[in-house]
Amino acid sequence: MTRKILLGALGALALTTAAPALAEGTLNVLTWEGYADPSFISKFEEESGCKVNATYVGSNDDFAPKLMSGGGVYDLITPSIDTTKLMIDLDFVEPLDTAKISEWNNIYKKFRDLDGIQKDGEYYGMPYVWGAIAFMYRDDAFTTPPTSIADLWNPALKGKVALWDDKSSIYVAARLNGDMDIYNLTDEQIAAAQKKLLEQKPLIRKYWATAGELVDLYKAGEVVISNTWAGYQSGLLKAEGIKVTEFIPKEGAEGWMDSWMVVKGTPNKECAYKFLNMQLSPLGQCGVANINGYSVTNPVSAKACMTPEQYKDLHQDDPAYLDSLMVWQPLGDRFEAYTNAWNAVKAQ
Amino acid sequence: MSHARRNLSGGMVLGIPLLWIALFMLLPYGIIVTFSFWVKKYPTFVPAFQFGNYVTLFTDPQYVLVLLRTLKISVLVSVASLLLAYPFAYWLVFRCRSAKLRTWLYMAVIAPLWVSYLLRAYVWKTILGTEGVLNSFLKSIGLIDEPSSIFLYNQFAMVVTLTYIFIPFMVMPIYTALEKIPANLTEAAADLGMGPWRSFWTVTLPLSAPGIAAGATLTFCLSFGDFIAPFLVGGPDGNLIANVIATQFGAALNWPLGSALAIVMLVVVLTIVSLSDRMERKGATGGI
């Protein structure tokens, strides 16, 4: 009974704060900066007659709360491969009609086969871009280039280290401990990773939360080594004239991949599929590669629109590089154990 | 007829605010309280009635640790604000001869409130940073040889930033309280042979206590709920309770635990407010 009252009250609240009406022919996308950049989206808008409104997220944690607080606002979202499964399990997204996506079969098979975008034999996500969670250092701070995760635990670098404020820090520490099955860690292994991160804490200048924050930390001379979204922050820093080098440590690096997903019940199916097709075409694939410096999932389009150098720099011709990455996996009900350990490190 | 109309308009004057409070304050509190008894279950959480979330908060040391740290930071901000704001307000009210200057200085303290909070917090990064204004200054006067990293990304930076941001909320009530003290009271004290210090301790300070209580309550509560300063200028040891709540509602997707934390926070703040209220009332009646 109380629950009924509560729900009724929530409904009343929802009515009074009515969401902006979904106009047909207008796509509202909830995505990362760069994925709907005017540099290529305006051409799409002209050609398709569909308007695109982009809202940006700062982290994968933003998707669920934004969709939970009321449906009917967004048509398309781009969570990373560790979050796509959650979107499916939360019933926020609908299965894709892959027959309507003309270049579907050109997408790297490795990505199409990922569990995170499938359920009951149906696809829910269209792989779009990918990259490594690489490591990065300031050239002028090192005489011998770092090669290992252990370099982020080097006491000589006290107060000069940054680490991403994300559960991914558990993956980093686990690999340093020699626990390589980072997405299936036992409680003991997570506890060991937590201990390792606490050892590192006195060396940490800042746990960085956004791409811009990490760039600022390097720019202001606060840090000299960190992990990074390969291609992105290093590109921004190079544009500022700061020399940094990315490296894949000998303990390996995580890989990430972002997929476009269609929000359940969108009235804009036609525009949504036009948009998906555009994003896999040279317009979308090179559009995002040029803005964010990420690798793309459709090598056929990439080959058509990239210079040979860019194609090589983004590892589009190098399946071995892709295979060497430990691509993020959904943690399911183990998710809490990971986030709780990371929160405990931050709370200390 | 006119009686009925008067009833109607009277009802509207009271009714709309009451409805507003019920809809936008009491109802959300009710929802948060309800959530705090629910239980986390992948992919989200399910209705339940159990105290597990509260038990977790008081058994897992990470939450107590952050709560204590938040209390410490808030107290430090309140104390620092008081030590800076009181002499300033006192000088404005009793020592500043020019009314024009007084107005200008008072406005100078209030004016930053018109500037975005984020911007003001961000500016402290450029002041306290390793290559920031403070370091350049200390280097130029020869006090240090190498830029120091001790100013930014730690609890000191958070206290400085929060004090700067919330100090107007300390100046305003103290200024108002001091302004209301009739000048003839201190004159009478002087006539009866009290020195300036004794007259301050026994007359002015007790009479301005309600202003201090109000200012301390405001700065404490505002700091207690802050989560921007830790994000911008705090270091690895800077997590405050509001950041943990944000994490529970976002990254961890554990709204029940986040709600329980919010309730604990609410209880702490309400306790402080009612204590200060009692103090203010005591100050107002027992002072003279």
Side-chain angles (χ1 to χ4, degrees), chain A residues 2-3 5-6 9-10 12-13 16 58-62 64-66 68 85-92 158-163 165-167 197 200-207 209-210 213 216-217 219-223 331-336 338-340 342-348, chain B residues 22-24 26-28 30-31 33-35 38 40-44 47 49 56 60-67 69 122 125-126 128-132 135 147-150 152-154 230-241 243-244 246-255 257:
Chain A
T2 39
R3 218 183 134 215
I5 293 172
L6 185 69
L10 278 173
L13 258 186
T16 51
S59 119
N60 275 305
D61 311 328
D62 291 347
K66 279 223 160 88
M68 239 191 242
K85 190 85 181 178
L86 179 67
M87 297 297 119
I88 301 171
D89 289 341
L90 283 168
D91 210 18
F92 285 161
K158 188 172 161 66
K160 292 282 174 197
V161 182
L163 195 67
D165 181 357
D166 186 87
K167 60 183 176 300
L197 288 165
Q200 186 204 28
K201 204 166 172 179
L203 313 180
I204 293 284
R205 184 72 169 143
K206 183 91 177 135
Y207 293 124
T210 65
E213 188 183 9
D216 283 346
L217 285 168
K219 238 168 64 183
E222 304 284 0
V223 304
L331 299 171
D333 55 4
R334 293 291 291 158
F335 175 84
E336 215 182 337
Y338 282 75
T339 47
N340 195 39
W342 175 232
N343 287 338
V345 172
K346 285 196 294 174
Q348 279 288 314
Chain B
L23 203 59
F24 293 106
L26 299 181
L27 180 68
I31 294 173
V33 170
T34 312
F35 271 144
W38 289 20
K40 164 93 185 157
K41 185 172 180 249
Y42 181 85
T44 49
F49 184 76
T56 306
D60 187 336
Q62 62 167 294
Y63 302 105
V64 177
L65 206 66
V66 174
L67 191 65
R69 175 184 307 141
Y122 204 85
K125 268 174 87 148
T126 57
L128 300 173
T130 304
E131 289 171 11
N135 264 310
S148 169
S149 61
I150 59 163
L152 188 58
Y153 300 130
N154 50 33
F231 177 71
L232 285 178
V233 299
D237 65 347
N239 243 26
L240 297 187
I241 192 106
N243 300 89
V244 179
T247 309
Q248 292 304 329
F249 275 85
L253 219 61
N254 193 345
W255 292 17
L257 189 63

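Every heavy atom of this structure was used, including side-chain atoms; hydrogens, water molecules and symmetry mates were not. Here is the naming used below: chain letters follow the sequence lines, and residue numbers restart at 1 for every chain.
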So for [X], is it side chain, backbone, both, or neither that comes closer than 4.5 Å to the heavy atoms of chain A?
{"X": "L240(B)", "result": "neither"}
{"X": "N243(B)", "result": "neither"}
{"X": "D60(B)", "result": "side chain"}
{"X": "F249(B)", "result": "backbone"}
{"X": "K41(B)", "result": "neither"}

Checklist entry - So do the side chains of T130(B) and L152(B) get within less than 4.5 Å of each other, counting heavy atoms only? => result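 Not touching, per the 4.5 Å side-chain cut-off.
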Next on the checklist: Between L253(B) and P65(A), is there a side-chain heavy-atom distance shorter than 4.5 Å?
Outcome noted: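 Yes, their side chains come closer than 4.5 Å.
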What part of [X] gets within 4.5 angstrom of chain B, counting heavy atoms only: side chain, backbone, both, or neither?
{"X": "K167(A)", "value": "neither"}
{"X": "E336(A)", "value": "side chain"}
{"X": "K158(A)", "value": "neither"}
{"X": "A220(A)", "value": "backbone"}
{"X": "L217(A)", "value": "side chain"}
{"X": "D166(A)", "value": "neither"}

Checklist entry - CD of E222(A) to CG of D216(A): how many Å apart, nearest 0.5 Å? => result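 If I round to the nearest 0.5 Å, the distance is 10.0 Å.
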Donor-acceptor pair, side chain of [X] and main chain of [Y], under 3.5 angstrom:
{"X": "D62(A)", "Y": "G58(A)", "value": "yes"}
{"X": "K40(B)", "Y": "A252(B)", "value": "yes"}
{"X": "D237(B)", "Y": "Q348(A)", "value": "no"}
{"X": "K201(A)", "Y": "V345(A)", "value": "yes"}
{"X": "R69(B)", "Y": "V64(B)", "value": "no"}

Item to check | Atom OH of Y42(B) with >12 non-hydrogen neighbours under 6.0 angstrom | outcome: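 Count over threshold, so yes.
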Next on the checklist: If you count heavy-atom pairs within less than 4.5 Å of chain B, which of Y207(A), Y338(A), W342(A) leads?
Outcome noted: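 Result: the option with the highest number of such pairs is Y207(A).
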Item to check | Greatest number of heavy atom pairs closer than 4.5 Å to chain B - which of D333(A), N343(A), T339(A) | outcome: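 Of the options given, most contacts go to N343(A).
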